[in-house]
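Some notes on the structure that comes next.
For clarity, every value in this text was computed on a predicted model and none was experimentally measured.
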Amino acid sequence: MIQETAANTKQAGPVRVRIAPSPTGDPHVGTAYIGLLNYVFAKQRGGRFVLRIEDTDRSRFVASSEQMIFDALHWTGLEWDEGPDVGGPHGPYRQSERTEIYREYCDKLLESGHAYRAFETAEELDAERKAQMGAKQPPKYNGPSRRYTQEQVDTALAGSKPYTIRLRVPQGDAGVGTASTTFRDELRGDITFDHFNVDDQVLMKSDGFPTYHLANVVDDHLMGITDVIRAEEWISSTPKHVLLYQAFGWDLPRFWHMPLLRNIDKSKISKRKNPVSLVYYRQAGFLPQALLNFLGLMGGGMAQPTEQEIVSKGLDTRLIDIFSLMEMVERFDFKRISLGGPVFDLVKLKWMNSEYLRALDAEAFFQAMRATVFSDAYLRAIAPLVQTRIETLGQFGDLTDFFFKDDVMPAPELFVPKKRTLEETLLFATEMLPVLEAADWTPTSIDAGLRELLTAKEWSVKEAFGLLRVILTGKTASPPLLESLVVFGKARSLNRVRRFLEQQKRFQASANRK
RNA sequence: GGCGCUAUGGUGUAACUGGUUAACACGUCGCCCUCUCAAGGCGAAGAGUUCGGGUUCGAGCCCCGAUAGCGCUACCA
């Protein structure tokens, strides 16, 4: 029986931890959550906190995303010691700049037989996967390439067939249950996966870029990461990572898998059901300290004072949940983290933010407003939209109120076009959402997407733009819609549309009940 | 479907190595304060700890088994 145990990790020197966001869109609140935990972990132990950009997926790459991640993370106050923008001794910290390194390590795996070239096409793999699922088998790679002789490989190579490189997961000779990998999760204890359920993961894609699994293991090792603190969704792929460490003959880091932030319905937090963009929280006027404080509450970790302490020290129970980043570094206990997925409760976050807002002195509060809702940049962007539309400066607010509101709640008589029903209109609004999501948030891009949709659905330009105008502004007349959307920001605009849809769904539900 | 993880009021968490009527915060409701609304003060409702067995004088904490939720199941991360 091949029992791959992964219990011994050699640890010397200060801890090193990292977060590794992907530049595939807006910076995510989950990144801030995991970032916070990593930061606190490092600070508690006098270690280093590293930021690494995992931009190995060319198809999902969004050019503007990386800078947004830097900005948003800097905004939170979670400063990193090493990263693409601040440098460090283990760079480069951008995976797209490390492709030769992965190539080199991948070759080693090829030589040692821990990996092999796979020449199957995406279509072939797809067909096989479907067949396996139909037969109620775990979908796994099982192509002929795994058993190719050197000769066959050479022939395929000579024919310059595109290929991927896959991890050769050792299968026990005696079948199911005879090969497995066990690793230790610091919060859960040992977790075992039978190799029957571990796929021959693609390590190197046919475009020459590594997958997360390879890049992450190679980088974590090369960057001296001692503790991998990441989200729970990675547990299932950890055996592959362990197998890689072992194939390279490297010591394992410790693994700490954190519970996943959840929507109200307990599913993994997602933009469809919750604002998840850090840009949104910033623009909507949440204070970073409040956000971090709230995130620090998720999953426990902060020891609550006992009843006796409350009484003896005369603590105000109302302030029990309020603590600073520094206090977290002092008191946060990773072993206390509770493993049930915490619901990201916007209501409590707002309460907490209000506590922080009230605690500001008058000047600081004023400055906070200036920095967000009334920043020069924001006003400067809005000004040209209204200059030709007002007679006195005093009318500014009449035209631009929606730029400064958290929510607008238009009535159906405003947003339903004359020749459409409420149902049709809501359906169209629903279909607008993915179109807006896909836009790169310039007037041209939004315009193109919208026009494509309205043409397909046989809506007039007037109807479609009118609808979106009312959803965004709450009014039938407004400054130019596309420019307004751009100025208001993608995160907030999308949130407004989503909230509109939710509101209407609720109205309909309650109307149906009557 | 398979594998894995998880399980305390609506939500986030407490409950020391098993020991009283399961605590705190958010939210909800009521009252007070008040020109309004917040804030603040006071109070209330809301869980018998997913369910079923077992061990024990005693189980939210230990054991077994179910169930449910979630995650993964990509040439995404």
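Across all non-hydrogen atoms, the minimal contact from A:Asp55 to A:Arg94 is OD2-CG, 3.3 Å. Here the closest non-hydrogen pair linking A:Val329 and A:Val40 is CA-CG1, 4.1 Å. The two atoms that bring A:Arg117 and A:Leu157 nearest to each other are CD-CD1, 3.8 Å, heavy atoms only. Closest approach of A:Leu339 to A:Leu187, counting heavy atoms only: CD2-O, 3.9 Å. Closest non-hydrogen pair, A:Ala179 versus A:Gln171, comes out as CB-C, 4.2 Å.
In this structure, A:Lys43 is positioned above the aromatic face of A:Tyr39, its NZ or CZ under 6.0 Å from the six-membered ring centre and within 45° of the axis. Remark: A:Lys273 is not positioned above the aromatic ring of A:Phe344, lacking an NZ or CZ atom under 6.0 angstrom from the ring centre and at most 45 degrees off the axis.
Within the 4.0 angstrom heavy-atom criterion, only backbone atoms of the sugar-phosphate kind lie near A:Ser22; the bases stay farther away. Nucleic acid contact class of A:Thr24 (heavy atoms, under 4.0 Å, all strands): none. Residue contacts shown for A:Arg336 are limited to sugar-phosphate atoms, with no base heavy atom under 4.0 Å away. At a threshold of 4.0 angstrom between heavy atoms, the contacts of A:Ser354 with the nucleic acid are absent. Residue A:Tyr212 is in base contact, counting any heavy-atom pair closer than 4.0 Å across all strands shown. Among the protein residues, A:Glu120 comes within range of the nucleic acid bases, having at least one heavy atom under 4.0 Å from a base atom. Within 4.0 Å of A:Met298, counting heavy atoms only, lie sugar-phosphate atoms of the nucleic acid but no base atom.
The nucleotide whose nearest atom lies closest to any side-chain atom of A:Lys348 is, among B:rC70, B:rU11, B:rA25, B:rA25. For A:Leu297, the listed nucleotide lying nearest its side chain is B:rG12; candidates were B:rG12, B:rC72, B:rA14. Across B:rC75, B:rC24, B:rA77, the shortest atom-to-atom separation from the side chain of A:Val202 is found for B:rC75. Of the candidates B:rG2, B:rU13, B:rA77, B:rG2 carries the atom nearest the A:Asn197 side chain, counting heavy atoms from C-beta on.
Between A:Arg230 and B:rG71 there is no side-chain N or O to OP1 or OP2 distance below 4.0 Å. Put simply, A:Lys140 has no side-chain N or O that comes within less than 4.0 Å of OP1 or OP2 on B:rC3. The shortest distance between the side-chain N/O atoms of A:Lys266 and the OP1/OP2 oxygens of B:rG12 is below 4.0 Å. Remark: A:Thr56 is in phosphate contact with B:rA77, judged by side-chain N or O atoms under 4.0 Å from OP1 or OP2. Between B:rA77 and A:Lys205, a contact under 4.0 Å exists linking OP1 or OP2 to a side-chain N or O. Listed pair A:Arg129 / B:rA74 meets the phosphate criterion, a side-chain N or O lying under 4.0 Å from OP1 or OP2.
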Please list, for nucleotides 40-42 of chain B, all pairs of protein and nucleotide N/O atoms separated by less than 3.5 Å.
residue: B:rG40; atom: OP1; partner: A:Arg318; partner atom: NH2; Å: 2.3

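Between B:rA22 and B:rG9, the two C1' atoms lie 11 Å apart (nearest whole Å). Between B:rA15 and B:rC33, the distance separating the two C1' atoms is 36 Å to the nearest Å. The C1' atoms of B:rA45 and B:rG30 are separated by 10 Å, rounded to the nearest whole Å. Using P as the reference atom, B:rG65 and B:rU6 are 15 Å apart when rounded to the nearest Å. Annotation: B:rC31 and B:rA39 have their P atoms spaced 16 Å apart (nearest Å).
B:rU73 atom P lies 19 Å from atom CG of A:Asn142, rounded to whole Å. As a whole-Å value, the separation of A:Glu233 CD from B:rU73 P is 9 Å.
No close placement of the A:Phe402 and A:Phe404 rings is indicated, their centers lying 6.0 Å or farther apart.
Checking A:Asp265 against A:Pro210, the closest nucleotide of RNA chain B that is more toward the 5' end is the one next to A:Asp265. Where A:Val347 and A:Gly301 each meet RNA chain B at their nearest nucleotide, the meeting point lying more 5' is that of A:Gly301.
Judged by distance alone with a 3.5 Å cut-off, a donor-acceptor contact links the side chain of A:Arg60 to the base of B:rC76. Scanning atom types as modelled, one donor and one acceptor separated by under 3.5 angstrom connect the side chain of A:Ser206 and the base of B:rC75.
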In sequence, state the C-alpha distance, the side-chain angles, and the governing distance for A:Ser180 and A:Asp194, and then conclude on side-chain hydrogen bond (donor to acceptor under 3.5 Å, both in side chains).
CA-CA 4 Å; A:Ser180 66; A:Asp194 192 304; over 6 Å; no
